[in-house]
Structures are given as C-alpha cells and as structure tokens.
Amino acid sequence: RLDKNTSGLIVIAKNDFARQYLVNQFKTHVVTKGYIVLVKGRLFPERGLVEAPIGRDPHNRQRMAVVATGKEASTQYQVKKYLGNYTLLEVIPRTGRTHQIRVHLSAIGYPVVGDSVYGIKSTYINRQFIHAYRLGFRLPSTDEYQEFTCSLPADLKQALEFIAHSALPTGII
C-alpha cells in the first residue's frame with residue numbers, strides 16, 4: 001500500500017495464492033522497497049538510519065507520531081543530491097508502519113516537501129514528494145526474485161527543476 005498522494009510502484013495479486021505469498025513476504029520484511037523523497041533542509045549525515053517507534057499521536061488520533069508505546073520502526077536513508085535548502089533522498093523503510101517515512105523524517109527535523117500533515121506545504125508541488133521507485137520480491141509462480149523500477153513522474157521532475165533553478169546563485173542560469 002502507498003500513502004495517499006504517493007506515486008510509484010504497487011503490486012497486485014491475480015489470485016488468493018499469489019496474494020498470500022506476497023503478504024508473507026511483506027510481513028517478514030523481505031520485500032525490497034525504495035523511495036525517492038525530497039525534504040526541507042540539508043540533511044546530514046549523508047547516510048543514516050532512523051529507529052524510532054511509531055504509534056497514534058496521543059494529541060491527534062488521526063496522525064501518527066514517534067511515541068514510546070509505538071511499534072518498532074526503522075528507516076534507512078541516503079542523500080542523493082543537495083538542492084539549495086532541500087535534500088533529495090533515497091529512502092528504504094525496513095519496516096512498514098503507517099506514514100513511516102513521513103513521520104520519521106519529520107521527527108529528525110527534515111519534513112517532506114508538499115506533505116500537509118507531517119511536512120511542509122510547497123509552492124513547487126501540490127502533493128507530498130514521495131515516489132516508490134523500486135519494488136523487489138519473489139514471484140508467486142516461480143519463487144524467482146524480481147526487481148522493478150519506475151522513474152519520477154512529470155510533476156516531481158518539474159518540482160525538482162524549479163527548486164534546482166531557484167537554488168542557483170543570482171545571475172547564473
């Protein structure tokens with residue numbers, strides 16, 4: 001499942017055997033997932049692991065938050081590029097909690113661009129800048145590992161171009 005307003009790859013099972021086969025892979029965290037994410041701020045260090053439990057926000061039941069009583073959650077990140085006061089990341093969630101990427105990045109002070117719930121609104125894009133670009137799993141029919149990728153959609157590419165252009169020093173085009 002992808003959060004609302006997140007673009008990218010999803011997998012759909014054609015029958016119940018395939019569904020259960022895939023569900024088991026997701027439950028045991030053997031599915032490879034990769035996301036491209038844009039955050040506000042210059043994230044440092046360039047590689048990191050956010051390990052913080054996620055549960056319902058005690059002050060707003062419609063949101064998730066890092067809370068001591070939450071479920072274990074782990075998110076790995078790698079800086080791809082700095083664009084002015086923004087950072088483009090590759091993010092690999094090791095667990096699959098609700099809103100995990102958005103909650104973890106916000107909790108460490110780097111909110112997702114365009115995310116009106118946990119992040120910051122943006123003039124560059126009207127949705128959160130999260131794209132599920134990589135998905136790998138064992139096929140139910142053959143047990144063969146396959147990995148699939150897809151490029152950024154046009155709206156996210158355009159947002160990056162606007163940000164990159166505005167990050168240039170004055171007088172340079």
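For the numbers below, each heavy atom of this structure counts, side chains included, while hydrogens, waters and symmetry mates do not. Owing to the predicted nature of the structure, the values given are computational and were not obtained by experimental measurement.
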Find out if a path of hydrophobic residues (ILVMFWY) with successive side-chain heavy-atom gaps under 4.5 Å connects Tyr82 to Val39.
yes
Grab the two heavy atoms, one from Gly119 and one from Pro111, that are nearest each other, plus how far apart they are.
CA-CB, 3.4 Å
Would you kindly say whether Arg127 and Thr6 are connected by a side-chain donor-acceptor distance under 3.5 Å?
no
Is the count of non-hydrogen atoms from other residues, nucleotides or ligands lying under 6.0 Å from Tyr145 atom OH greater than 12?
yes
Considering residues, nucleotides and ligands other than Gln62, do more than 12 of their heavy atoms fall under 6.0 Å from its CD?
no
Distance-only, no hydrogens or angles: does the Arg97 side chain make a donor-acceptor pair with backbone N or O of Ala73 under 3.5 Å?
no
Joint cluster assignment, Val11 & Phe148, ILVMFWY side-chain distance < 4.5 Å:
yes
Output for pair (Asp143 CG, Arg138 CZ), nearest 0.5 Å, gives 5.0 Å
Minimum side-chain heavy-atom gap Arg56-Val67 below 4.5 Å:
no
Determine the minimum heavy-atom distance between Cys150 and Ala132, stating which atoms define it.
SG-O, 3.7 Å
Is a donor on one side and an acceptor on the other found under 3.5 Å between the side chain of Glu90 and the backbone of Tyr77?
no
Under a 3.5 Å threshold, yes or no: a donor from one side chain and an acceptor from the other, between Gln20 and Asn24?
yes
Among Gln128, His104, Arg102, His99, find the residue that satisfies the side chain to side chain donor-acceptor pair (under 3.5 Å) test when tested with Tyr118.
His99
Pair Leu156, Ile36 - check side chain to side chain contact (heavy atoms under 4.5 Å, CB included), show working.
CA-CA 10 Å; Leu156 299 185; Ile36 300 297; over 6 Å; no
Do Leu139 and Leu9 share a hydrophobic cluster (ILVMFWY, side-chain heavy atoms under 4.5 Å, transitive)?
yes
Is a side-chain N or O of Ser166 found less than 3.5 angstrom from the main chain of Ile163, in a donor-acceptor match?
yes
For Gly114 and Ser122, work out which heavy atoms get closest and say how close.
N-CB, 4.0 Å
Should we count CZ of Arg42 as having more than 12 external heavy atoms under 6.0 Å?
yes
Please lay out, stage by stage, how Arg134 and Glu147 fare under the test side chain to side chain contact (heavy atoms under 4.5 Å, CB included).
CA-CA 7 Å; Arg134 187 176 68 209; Glu147 195 164 282; 3.1 Å; yes
In the structure I gave you, are the side-chain heavy atoms of Tyr35 and Leu2 within less than 4.5 Å of one another anywhere?
yes
Val113 and Tyr86, any side-chain heavy atoms less than 4.5 Å apart:
yes
For Leu105, run the side chain to side chain contact (heavy atoms under 4.5 Å, CB included) check against Ile130, Thr75, Leu89 and tell me which one passes.
Leu89
If you look at every heavy atom in Val79 and Pro45, which pair is closest and at what distance?
CG2-O, 4.5 Å
Counting only heavy atoms from other residues, nucleotides and ligands, does the tally under 6.0 Å from CD of Glu72 exceed 12?
no
Is the shortest side-chain heavy-atom distance between Lys27 and Val23 below 4.5 Å?
yes
Would you indicate whether the side-chain heavy atoms of Leu22 and Phe137 approach each other to under 4.5 Å?
yes
Would Ile101 and Tyr133 show up in the same hydrophobic cluster when neighbours are defined by side-chain heavy atoms closer than 4.5 Å?
no
Rounded to the nearest 0.5 Å, what's the gap from OH on Tyr21 to OG on Ser141? Could you check?
8.5 Å
Can you tell me how far the CG atom of Asn126 sits from the CG atom of Asn5, to the nearest 0.5 Å?
8.0 Å
Mind checking whether Val112 and Val91 sit in one hydrophobic cluster, side chains of I, L, V, M, F, W, Y counted as touching below 4.5 Å?
yes
Go through Ile125 and Asp155 one step at a time and tell me if the side chain to side chain contact (heavy atoms under 4.5 Å, CB included) criterion holds.
CA-CA 7 Å; Ile125 191 163; Asp155 65 330; 4.1 Å; yes
Check: Pro93 main-chain N/O paired with Gln100 side-chain donor or acceptor under 3.5 Å:
no
Could you go step by step and tell me if Phe129 and Tyr124 meet the ring pair (Phe, Tyr, Trp, His ring centres under 6.0 Å) rule?
CA-CA 10 Å; Phe129 196 117; Tyr124 302 112; over 10 Å; no
Nearest atoms (heavy-atom pairs only) where Ala52 meets Val66
CB-CG1, 3.7 Å
Indicate whether the side chain of Gln76 and that of Arg94 have a donor and an acceptor atom separated by less than 3.5 Å.
yes
Approximate separation, where rounding is to 0.5 Å, of Gln78 CD and Glu46 CD
7.0 Å
Kindly say whether Val117 contributes a backbone atom to a donor-acceptor pair with the side chain of Arg63 at under 3.5 angstrom?
yes
Side chain of His131, backbone of Ser151: donor and acceptor closer than 3.5 Å?
yes
Of all the heavy-atom pairs spanning Gly96 and Lys33, show the shortest one and how long it is.
CA-NZ, 4.2 Å
Exam field: side chain Thr87 to backbone Leu43, donor-acceptor pair closer than 3.5 Å:
yes
So, Lys121 and Asp115, do they make that salt bridge, N to O below 4.0 Å?
no
Should Tyr110 and Val50 be marked as a side chain to side chain contact (heavy atoms under 4.5 Å, CB included) after you check the CA-CA gap, both sets of side-chain angles, and the distance that decides it?
CA-CA 12 Å; Tyr110 297 91; Val50 181; over 6 Å; no
In Å and rounded to the nearest 0.5 Å, what is the CG to CG distance from Leu83 to Leu88?
6.5 Å
